[in-house]
Number of protein chains: 2
Amino acid sequence: MASIKDVAAEAGVSVATVSRVLNGHPSVSAAARARVLGAVEALGYRPNAVARSLRTDQTRTLGLVISDVLNPYFTELARSVEEEARALGYSVIIGNADERPDLQDHHVTTLLDRRIDGLLVSPTDGGSPRMLEAARAGTPMVFVDRWIPGVDVPVVRSDGRAAVRDLVAHLHGLGHRRLAIIAGPAATTTGRERVDAFREALGAHGLPLPDAYIGQGDFQADSGRRVTEGFLDLPEPPEVVFAADNLMALGALDAVRARGLRVPRDIALAAFDDIRWFVHTDPPVTAIAQPTGELGRAAVRALVDRIEGRGGASVTLPARLVVRRSCGEPPASSPQSPSPSPVRRSTT
Amino acid sequence: MASIKDVAAEAGVSVATVSRVLNGHPSVSAAARARVLGAVEALGYRPNAVARSLRTDQTRTLGLVISDVLNPYFTELARSVEEEARALGYSVIIGNADERPDLQDHHVTTLLDRRIDGLLVSPTDGGSPRMLEAARAGTPMVFVDRWIPGVDVPVVRSDGRAAVRDLVAHLHGLGHRRLAIIAGPAATTTGRERVDAFREALGAHGLPLPDAYIGQGDFQADSGRRVTEGFLDLPEPPEVVFAADNLMALGALDAVRARGLRVPRDIALAAFDDIRWFVHTDPPVTAIAQPTGELGRAAVRALVDRIEGRGGASVTLPARLVVRRSCGEPPASSPQSPSPSPVRRSTT
DNA sequence: CCTCCTCGTGGAATCGATTACACGAGGAGG
DNA sequence: CCTCCTCGTGTAATCGATTCCACGAGGAGG
């Protein structure tokens with residue numbers, strides 16, 4: 001592979017001049033510039049990003065460590081992150097933690113070893129020592145979706161509290177009183193927050209959230225299945241199951257179907273995170289939709305602001321409820337509750 | 001960030017000795033080794049991968065350029081690729097082409113600039129000049145899923161011919177005679193092959209594949225919707241629509257639902273690529289499943305074999321038909337056709 | 001005509017590692 | 001006791017870029 005020396009030789013100038021041409025420095029004569037450009041073309045020269053990074057101490061690369069690539073929510077997040085980063089002149093290296101702290105740690109380490117300019121993380125757990133250390137050492141960093149309390153790092157996330165309230169109001173309006181939740185891991189903020197929001201919303205309607213109605217999941221489909229089976233085995237099973245992410249909702253659907261039961265006739269289902277497939281499931285699933293793309297873009301902007309020394313602050317965006325049919329048919333357009341909240345009826 | 005020099009100073013040895021300890025060279029005294037390790041620990045030193053790569057001319061990184069991250073098939077592929085690569089001591093940088101040749105080119109260029117050790121590509125089109133040039137220049141490279149004819153690069157893919165034959169036999173057995181296909185872009189091998197296999201299988205049953213029944217899609221949901229609408233507008237609409245990937249099947253479902261029609265009563269649907277959600281769609285979708293995980297792992301092994309000078313050959317794995325309910329209820333276990341083919345009835 | 005600036009250019013240091021080569025100490029063998 | 005080898009270690013070159021500094025040519029101004 002041709003190096004800058006080859007180009008210099010071919011053009012009959014020094015490497016310094018070649019570098020200047022390549023980096024658009026002003027003080028290069030038109031003649032020299034033309035000869036260098038010609039040589040670059042002739043040799044098919046491309047600058048070695050590795051060498052450049054070593055010298056300039058910047059890689060123009062962002063690291064993104066997400067909890068689970070197979071989760072469509074994170075896939076979409078990753079996509080919008082890459083898009084915005086590209087627009088800003090950065091590349092992105094994605095690390096998939098698969099909800100495993102050890103894997104998360106592995107990726108954080110590898111990314112740091114590669115001297116990425118900044119790190120975007122959706123932590124799987126309370127935070128690996130290496131990550132906390134990096135944050136303390138001043139590595140530009142931003143949390144997205146999930147975060148770690150007590151660490152001085154901006155957080156870009158969506159607040160589902162209002163949407164959960166809307167959901168519970170919707171469920172209550174349909175006559176449901178026994179509501180259960182499949183929670184995410186307590187080690188994650190989203191795992192805890194969604195339960196808290198749910199409990200609070202239930203409280204507002206005078207409904208309890210008994211321990212038996214809080215199933216411990218891990219954001220993976222299998223746990224959704226397992227927890228739902230447990231709910232169905234209860235002497236008094238819940239009327240509604242609210243899954244704290246889309247994969248656990250998938251598992252819940254599996255479990256219900258395996259028993260030969262039907263949604264929403266036998267049990268209703270709602271999910272956090274809206275995905276395209278929810279329109280076509282049997283039945284279409286009522287879900288809380290996050291502004292995923294916006295989240296990813298905002299996170300990148302915050303991180304790049306940090307990197308380039310322009311601050312970079314936390315951002316919180318609202319989520320919204322999308323009503324479909326998995327919780328029961330809405331009472332046929334009764335005018336009794338005009339619902340001033342941002343509940344949106346899906347067109348499906 | 002501490003460098004090797006700091007470690008050397010702290011340990012009271014030269015950088016050469018530090019390097020030797022870090023790389024497990026034999027000729028280092030136990031005492032020196034202990035002091036170096038102590039210094040590494042004390043300083044929290046981590047070797048700079050950028051500097052190392054520059055010197056050794058290897059990054060231990062693989063590039064993976066896929067056509068569309070939002071497609072669950074590719075997501076799963078990416079995941080298995082990363083997994084196998086990690087097991088072999090490599091990292092993976094993913095580039096998402098979004099089915100756009102220009103973006104594919106951008107990613108290939110960036111990856112090459114970063115001097116990745118090898119490239120795994122699922123080409124979006126006939127191949128960018130830069131990619132072909134890289135292949136010719138000897139960059140270790142392997143095509144996965146899709147490939148470019150006439151280029152001397154191993155291909156790891158799955159052969160759907162037999163499964164398509166099984167599918168057509170299944171459809172024919174259900175009494176369907178007017179079968180249509182939503183094709184992928186003609187610029188991709190999978191786009192062409194699936195149509196060819198379909199036409200061939202139809203021919204074996206004496207059925208035609210009229211041009212009006214070949215809809216031109218681009219592997220994205222929108223095109224599936226558009227093409228399906230066209231089919232439904234035909235004076236004699238097809239009885240079955242076979243989508244050449246899962247996203248176009250999603251679009252087809254959208255279109256059917258938008259007309260207030262039902263699958264399979266009004267029109268049957270089948271798809272290439274099986275995904276978890278197909279179990280829970282309304283109705284569950286009959287699909288052709290590729291051994292995606294195996295494909296990803298085999299591709300990485302082939303690529304690493306190339307990189308490390310051990311050859312690395314093409315691999316073709318069979319796909320198989322998974323029958324669900326989207327093409328009509330199978331005739332209730334009639335013993336007339338024991339079906340010696342590897343048709344699997346899904347447990348759903 | 002001399003002095004001083006500006007402009008274009010090249011030489012060389014540098015980033016953080018790896019590694020060929022040289023060298024000194026110490027043990028083995030004659 | 002001398003020679004030779006082995007072992008552990010250090011010095012310095014190197015990878016491919018960027019960039020500081022110096023230098024020479026040429027123009028402007030006095």
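Note that the structure is a prediction, hence the values are computed from the model and not measured. First the proteins, then the strands, lettered A, B, ... as listed; each starts at 1. Because only heavy atoms are used, hydrogens play no part in the values below, and waters and symmetry mates are left out as well, while side chains stay in.
When the salt bridge (Lys or Arg N to Asp or Glu O under 4.0 Å) test is applied to A/Asp98, the partners found at least two apart in sequence or on another chain are B/Arg79. The salt bridge (Lys or Arg N to Asp or Glu O under 4.0 Å) search around A/Asp57 returns none, not counting sequence neighbours. Judged as a salt bridge (Lys or Arg N to Asp or Glu O under 4.0 Å), and not counting sequence neighbours, the contacts of A/Glu294 are A/Arg297, A/Arg301. The side-chain contact (heavy atoms from CB on, under 4.5 Å) check on B/Pro123 picks up B/Gln104, B/Val121, B/Met131, B/Phe143, B/Arg146, B/Ile148, with sequence neighbours excluded. Scanning for side-chain hydrogen bond (donor to acceptor under 3.5 Å, both in side chains) contacts around A/Thr110 gives an empty result, with sequence neighbours left out. Under the side-chain hydrogen bond (donor to acceptor under 3.5 Å, both in side chains) criterion, A/Glu133 pairs with no residue at all, not counting sequence neighbours. B/Ala2 pairs by the side-chain contact (heavy atoms from CB on, under 4.5 Å) definition with B/Asp6, B/Leu43, B/Tyr45, not counting sequence neighbours.
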Mind listing the side-chain donor-acceptor pairs of residues 24-37 of chain A below 3.5 Å, one per line with the distance, residues two or more places apart or on another chain?
from    : atom 1 : to      : atom 2 : distance (Å)
A/Ser29 : OG     : A/Ala32 : N      : 3.2
A/Arg35 : NE     : A/Ala11 : O      : 2.9

Dot-bracket summary - DNA chain C, pairs being Watson-Crick or G-U whose distances fall under 3.5 Å, with | when paired to another strand: ||||||||||||||||||||||||||||||

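Considering only heavy atoms from C-beta on, A/Arg52 stays 4.5 Å or farther from A/Gln58 through its side chain.
In this structure, B/Arg20 and A/Thr17 both approach DNA chain D, and ranking their closest nucleotides by distance from the 5' end singles out B/Arg20.
Under the 4.0 Å criterion applied to side-chain N and carboxylate O atoms, A/Arg46 and B/Asp113 are assigned as salt-bridge partners.
Nucleic acid contact for B/Ser19: base, since at least one base atom lies under 4.0 Å from a heavy atom of the residue.
A straight line from NZ of B/Lys5 to C1' of C/dA17 spans 10 Å, rounded to a whole angstrom. As rounded to whole Å, 14 Å separates atom C1' of C/dC21 from atom NE2 of B/His25.
Scanning residues 27-42 of chain A for heavy-atom distances under 4.0 Å to DNA chain C yields A/Ser27, A/Val28, A/Ser29, A/Ala32. The stretch residues 45-57 of chain A touches DNA chain C through A/Leu54, A/Arg55, each having a heavy atom within less than 4.0 Å of the strand.
Contact footprint of chain B on DNA chain D: nucleotides with an atom under 4.0 Å from a non-hydrogen protein atom, first to last in 5' to 3' order, D/dG8 to D/dG16.
Between the CG atom in B/Leu303 and the CG atom in B/Leu64 there is a gap of 10.0 Å [rounded to 0.5 Å]. Note that CG of B/Asp245 is 8.5 Å distant from OG1 of B/Thr190, once rounded to the nearest 0.5 Å.
Judged purely by distance below 3.5 Å, without hydrogens or angles, the side chains of A/Ser122 and A/Ser67 pair a donor atom with an acceptor atom.
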